[in-house]
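Below: the structure, in structure tokens.
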Amino acid sequence: MKPVICFGEALIDFLNTGNEQDGCLSLNNFRQYPGGAPANAAVAVAKLGGKALFAGQVGNDVFGHFLESSLQAYAVDTQYLSKHPSASTALAFVTLDQYGERTFSFYRNNSADMLFSSDQVSQQWFATPSIFHFCSNTLTEAAIAKSTEFAVNQAIKANAIISFDVNLRHNLWPTQQADIDTVNKLICSAHVIKFSRDEFEYLANTDANGSTDDYLAFCFNSNCQLVIITDGAKPIQVHSRQGAFQVQPPAITAIDTTAGGDGFIGGFLYGLSKFNNLNLLVDNTSTLTSVIKFAAQCGAIAVSKSGAFPALATIDQVLPSSFSQNQAPSLEFFLEQINEFL
């Protein structure tokens, strides 16, 4: 099983859990949860029984220590987690509407995760064949984008599989809109790319008479071997050089969508980690379909509860009564059980 290195931000999600009246004031209640998309993905892999490592930086403060201990509590390897001596850990305040959809307010100016530098990327990260996973929130400013690109290039040189969950948060960018050229530069480096439908159309620049077909061709003209496009409750679109198909995600009543996408990509990365190389998965449509269905089930479980780390699926929740958390199934048995239960 390949280790999965998840690079980027770990931060605190303060989730709005309601409000209460205090005299003439209506006060919002917030509960502290560990979060950050790549950190969520690492926990998702680990909770399923995979080998996950988190690479990034937090502050040497109460929130940074909480994030480190939270990752460790879910068996994520934190040997590549740094603590900045003076910068603070990033915070996000999350409010939910009646459908469980989120609105974020980030406090991330010069936070520890943004100050991660290229010289903190170690060759030790890639000493064994691995999967390197990242998101776009470490592309929002020039310095951290440079560090991200350096890490990705080091992973490519080490023959790692590169996974990019685009996960755009426009309000983190200086112009309040993600820079298309910056994101697409990293699109060209990735072997597996996961978009939401909105992200795909935004980066395809369809408002400027762009074509989504042209954009798919652009993706596959570089390293890309697999494009996955999620669209809420609508079918998941899966594209490779061998063709395209779709998978209907399971119906679910969403309580909190905070980690839905991270649960999905974590489930996919866990499945991918069982293959010696990406082609063995991508070239077999039946097997790929099964792994996408497994990942969709992981995402559905994640949105059925509040928070991120606690809501992410275990293998027993996805494949009932088959395994314990510490007994990851073999590839053959894993695929057999997917086909039986899904």
Side-chain angles (χ1 to χ4, degrees), residues 6 9-18 29-50 52 70 74 76 92-106 133 135-137 163 165-169 194-200 228-238 246-271 291-320 325 338 341-342:
C6 296
E9 76 279 5
L11 49 78
I12 302 295
D13 285 331
F14 281 103
L15 183 63
N16 182 207
T17 59
N29 296 322
F30 288 91
R31 177 172 291 174
Q32 173 182 310
Y33 285 97
N40 292 342
V43 171
V45 172
K47 287 184 73 173
L48 290 167
S70 297
Y74 288 104
V76 174
F93 288 82
V94 188
T95 55
L96 303 174
D97 64 18
Q98 61 180 321
Y99 304 107
E101 293 296 334
R102 306 153 293 166
T103 301
F104 291 90
S105 296
F106 289 98
H133 175 73
C135 306
S136 69
N137 290 343
S163 165
D165 181 358
V166 175
N167 196 39
L168 293 180
R169 295 286 178 263
K194 184 251 178 194
F195 303 91
S196 70
R197 171 58 61 181
D198 288 345
E199 291 164 351
F200 181 76
I228 304 168
I229 305 170
T230 60
D231 194 9
K234 296 179 181 178
I236 300 162
Q237 305 294 320
V238 183
Q246 63 183 32
V247 170
Q248 179 63 48
I252 194 76
T253 299
I255 302 300
D256 174 10
T257 59
T258 299
D262 304 325
F264 173 88
I265 196 64
F268 178 81
L269 293 171
Y270 171 74
V291 172
I292 296 291
K293 286 181 177 180
F294 173 83
Q297 188 73 16
C298 292
I301 289 169
V303 303
S304 67
K305 295 190 289 185
S306 294
F309 290 13
L312 293 163
T314 64
I315 196 73
D316 280 336
Q317 290 173 309
V318 190
L319 307 179
Q325 183 176 341
I338 287 176
F341 287 108
L342 303 181

With [X] via side-chain contact (heavy atoms from CB on, under 4.5 Å) - residues at least two apart:
| X | result |
| --- | --- |
| Q246 | P235, Q237 |
| K305 | A311, Q317 |
| V45 | V4, A52, L269 |
| D198 | S196 |

Point-to-point distance, once rounded to the nearest 0.5 Å, from [atom1] of [X] to [atom2] of [Y]:
| X | Y | atom1 | atom2 | result |
| --- | --- | --- | --- | --- |
| N29 | L15 | CG | CG | 11.0 Å |
| K293 | I236 | NZ | CD1 | 10.5 Å |
| I265 | T230 | CD1 | OG1 | 9.0 Å |
| I228 | I292 | CD1 | CD1 | 4.0 Å |

For [X], give me all partners under side-chain hydrogen bond (donor to acceptor under 3.5 Å, both in side chains), at least two apart in sequence or on another chain.
| X | value |
| --- | --- |
| N137 | E9 |
| S136 | none |
| N40 | D262 |
| S304 | none |

Ignoring hydrogens, what is the shortest heavy-atom contact between [X] and [Y]? Give both atom names and the distance.
| X | Y | result |
| --- | --- | --- |
| P249 | G232 | CG-O, 3.8 Å |
| F30 | V94 | CE2-O, 4.2 Å |
| G267 | A295 | C-CB, 4.0 Å |
| V318 | A313 | CG2-CB, 3.7 Å |
| I252 | A300 | CG1-O, 3.7 Å |
| P310 | K47 | O-NZ, 3.3 Å |

query = Are F294 and L48 close enough that some pair of their side-chain heavy atoms sits under 4.5 Å apart?
reply =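 F294 vs L48: side chains touch.
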Non-hydrogen side-chain atoms of K194 and F264 separated by less than 4.5 Å =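 Yes; the side chains approach each other to less than 4.5 Å.
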inquiry  = Once ring pair (Phe, Tyr, Trp, His ring centres under 6.0 Å) is applied, do any residues pair with F200, and if so which ones, sequence neighbours excluded?
reply    =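 Only F195, Y215 meet the ring pair (Phe, Tyr, Trp, His ring centres under 6.0 Å) criterion with F200.
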message = Restricting to ring pair (Phe, Tyr, Trp, His ring centres under 6.0 Å), what partner residues turn up for F14, sequence neighbours left out?
response =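 F63, F93.
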task = May I ask you to decide if N167's main-chain N or O and E199's side chain share a donor-acceptor pair within less than 3.5 Å?
result =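 The answer is yes, because a donor-acceptor pair under 3.5 Å joins these two groups.
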ask   = Looking only at atom types and distance, does a side-chain atom of Q248 sit under 3.5 Å from a main-chain N or O of A233, one as donor and one as acceptor?
value =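 Confirmed, Q248 side chain pairs with A233 backbone.
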task = Test side chain to side chain contact (heavy atoms under 4.5 Å, CB included) on Y74 and L312 and set out the steps.
result = CA-CA 10 Å; Y74 288 104; L312 293 163; over 6 Å; no
